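See below for the structure under consideration.
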Amino acid sequence: MRFLNKRALVTGGASGIGRAVAERFVAEGAAVAISDLNGEAARALVEELCARGARVTAVIGDVSQLHDAERMVGEAVAFLGGLDILINNAGIETIGSVTTARDEEWERQIAVNLNGVYRMSRFAIPEIIRAGGGAVVNIASVGGLVAVREFSAYGASKAAVIQLTRSMAADYAQYGIRVNCVCPGPVDTPLLERACRRVSGDKSPEQIRQMYADFTLLKRIARPEEIASCVAFLASDEASYVTGAALVVDGGFTAQ
Ligand SMILES: NC(=O)c1ccc[n+]([C@@H]2O[C@H](COP(=O)([O-])OP(=O)(O)OC[C@H]3O[C@@H](n4cnc5c(N)ncnc54)[C@H](O)[C@@H]3O)[C@@H](O)[C@H]2O)c1
């Protein structure tokens, strides 16, 4: 029970990695606010977790919008009675190079993946300071470390998240807040499924999926739970001397 009496806010918590993180935190004793744009999915998950006896709520909105971010943090704090942990996980993936991606796709990619981290942190960090310190974990990507063709906006947004993580670690260490990020490789979630369908070209989505698996040393795509366990580590006291780090969880994708 690493998170007994801890209060966590997980963005994009209704699906994929965020959902696995929310479930892991609940299993380890945390009270959790699940923030998501998809109200139906978030409320369904909350209902499921409440039935298992968890203390959870849904806060619905768009992390890229200033007023939504402020309101969601406010609602989470009102329900939880404070905040110790923020997981900035909400993200989208746009396909395209700088010459093929549309302007509005570039804007939306940066708005959600980068500005969303900034906006949620902006409102959540004062609450974590009020609680006497805690942890922030941002979900970046190996796409922020190495170049993947046709992922220019995504890669740029994730590289920025890695650097923002370091800046936040420097700014809030004095308040007892550790800030780290996780850089996953390919993970079996609806986001990856959608990417496989869109990238395909002359290859089938199954072939693209296999290609992602083959890129890794372990020759498989990760389960969301395998990312959630690393997020839980970074958010817990077991990582008490870890801050400003980018933990690569990619089955060896970037080791070769
Ligand atoms: N799946 C992968 O292979 C992979 C690899 C590396 C990094 N990541 C990162 O992990 C994070 C989670 O991805 P996932 O694969 O679980 O995706 P997913 O699509 O399964 O889940 C993302 C969740 O975020 C929510 N969301 C999207 N935009 C939002 C917004 N503007 N405001 C609030 N909520 C929003 C969605 O409704 C969804 O519930 C993302 O940041 C993604 O970039 C994923």
Side-chain angles (χ1 to χ4, degrees), residues 9-24 33-46 58-69 71-73 75-76 86-95 107-120 137-146 148 151 153-162 164-165 181-199 208-209 211-213 215-216 220-228 230-231 246-251 253-254:
L9 172 56
V10 182
T11 74
S15 171
I17 295 170
R19 182 188 169 115
V21 169
E23 292 194 310
R24 178 75 188 239
I34 293 167
S35 148
D36 210 285
L37 196 52
N38 185 339
E40 203 179 314
R43 282 188 277 267
L45 176 59
V46 164
V59 294
I60 309 307
D62 183 339
V63 293
S64 74
Q65 301 300 310
L66 189 71
H67 296 301
D68 281 16
R71 178 183 47 76
M72 287 193 288
V73 171
E75 288 174 5
L86 170 67
I87 310 298
N88 281 310
N89 162 80
I92 55 170
E93 194 171 57
T94 331
I95 312 280
E107 296 284 354
R108 184 67 186 151
Q109 182 70 87
I110 302 297
V112 177
N113 289 18
L114 176 58
N115 299 349
V117 173
Y118 153 65
R119 298 214 157 102
M120 291 301 288
V137 182
N138 298 324
I139 310 303
S141 170
V142 290
L145 296 169
V146 297
V148 181
F151 282 103
Y154 184 78
S157 74
K158 292 301 189 181
V161 167
I162 295 168
L164 179 59
T165 300
C181 68
V182 170
C183 299
V187 189
D188 199 1
T189 70
L191 177 143
L192 186 77
E193 245 177 75
R194 287 192 298 273
C196 288
R197 278 201 302 272
R198 271 177 298 153
V199 173
I208 299 282
R209 213 184 133 80
M211 209 177 71
Y212 278 126
F215 280 155
T216 72
R220 66 177 179 83
I221 288 169
R223 287 178 286 109
E225 295 74 22
E226 293 178 298
I227 310 303
C230 296
V231 174
L247 178 59
V248 176
V249 189
D250 68 348
F253 184 107
T254 53

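Because the structure is predicted, anything quoted here is derived from the model rather than measured. Just follow the structure's listing: the first ligand is 1, and inside any ligand the first atom is 1. Worth knowing before you read on, the calculation uses all heavy atoms, side chains too, and leaves out hydrogens, waters and symmetry mates.
Taking CG of Leu66 as the reference point, atom CG of Asp68 lies at 9.0 Å (rounded to 0.5 Å). Rounding to the nearest 0.5 Å places CG of Leu191 at 4.5 Å from OG1 of Thr189. Annotation: the span from Ile60 atom CD1 to Leu37 atom CG amounts to 8.5 Å, rounded to 0.5 Å.
Atom 5 (C) of ligand 1 has its closest protein heavy atom at Gly185 O, 3.1 Å. Looking only at protein heavy atoms, the nearest one to atom 39 (O) of ligand 1 is Asp36 OD2, 2.7 Å. Scanning the protein heavy atoms around atom 8 (N) of ligand 1, the nearest turns out to be Tyr154 OH, 3.5 Å. Looking from atom 24 (O) of ligand 1 to the surrounding protein, the closest heavy atom is Gly12 CA, 3.3 Å. Protein heavy atom in closest approach to atom 32 (N) of ligand 1: Val63 N, 3.0 Å. Here the heavy atom of the protein found nearest to atom 31 (N) of ligand 1 is Asp62 OD1, 2.8 Å. Nearest to atom 40 (C) of ligand 1 among the protein's heavy atoms is Asn89 O, 3.2 Å. Of the protein's non-hydrogen atoms, Thr189 OG1, 3.6 Å is the one closest to atom 14 (P) of ligand 1.
For Leu37, a nitrogen or oxygen atom sits less than 3.5 Å from a nitrogen or oxygen atom of ligand 1, counting backbone and side chain alike. In terms of polar-atom proximity, defined here as any N/O pair under 3.5 Å, Lys158 does make such a contact with ligand 1. Between Ile17 and ligand 1, at least one N/O pair is under 3.5 Å apart. Residue Val187 places at least one N or O, backbone or side chain, under 3.5 Å from an N or O of ligand 1.
Annotation for ligand 1: atoms under 4.0 Å from non-hydrogen atoms of Pro190 are 20 (O). Ligand-side atoms of ligand 1 in range of Arg108: 31 (N), range being under 4.0 angstrom from any heavy atom. The contact set between ligand 1 and Gly91, taken as ligand atoms under 4.0 Å from a residue heavy atom, comprises 27 (C), 40 (C), 41 (O). Atom numbering of ligand 1 starts at 1 in the shown order; those under 4.0 Å from a heavy atom of Leu192 are 3 (O). Short contacts between ligand 1 and Gly61, defined as distances under 4.0 Å to a heavy atom of the residue, involve ligand atoms 32 (N), 33 (C). Listed by atom number, the atoms of ligand 1 under 4.0 Å from Gly16 heavy atoms are 16 (O), 20 (O). Of all the atoms in ligand 1, the ones that sit under 4.0 Å from a non-hydrogen atom of Pro186 are 3 (O). Atoms of ligand 1 lying under 4.0 Å from any heavy atom of Val112, numbered from 1 in the order shown and given with element: 28 (N), 31 (N).
Proximity of Ala41 to ligand 1 is not established, as no heavy-atom distance is less than 4.0 Å. Heavy atoms of Cys183 come nearer than 4.0 angstrom to ligand 1 in no pair at all.
By the 4.0 Å N-to-carboxylate-O rule, Asp62 lies too far from Arg71 to be salt-bridged with it. A salt bridge is defined here as a Lys NZ or Arg NE, NH1 or NH2 lying under 4.0 Å from an Asp or Glu carboxylate O, and Asp188 with Arg209 meets this definition. The pair Glu93-Lys158 does not meet the salt-bridge criterion, since no charged nitrogen lies less than 4.0 angstrom from a carboxylate oxygen.
Of all the heavy atoms of Gln109, none lies under 4.0 Å from any atom of ligand 1, so neither backbone nor side chain is involved. Contact annotation for Ala140 and ligand 1: only backbone heavy atoms (N, CA, C, O) come within less than 4.0 Å of the ligand. Counting heavy atoms under 4.0 Å from ligand 1, residue Glu93 does not touch it at all. Here Arg194 has side-chain heavy atoms under 4.0 Å from ligand 1, and that is the only part of it that gets that close. Heavy atoms of Ser15 found under 4.0 angstrom from ligand 1 belong to the backbone as well as the side chain.
The two residues Met120 and Asn88 come nearest to each other via the heavy atoms CB-OD1, 3.5 Å.
A donor and an acceptor atom, one from each side chain of Ser64 and Arg108, are located under 3.5 Å apart.
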**Q.** Worked check of salt bridge (Lys or Arg N to Asp or Glu O under 4.0 Å) between Arg198 and Glu193
**A.** CA-CA 9 Å; Arg198 271 177 298 153; Glu193 245 177 75; over 6 Å; no
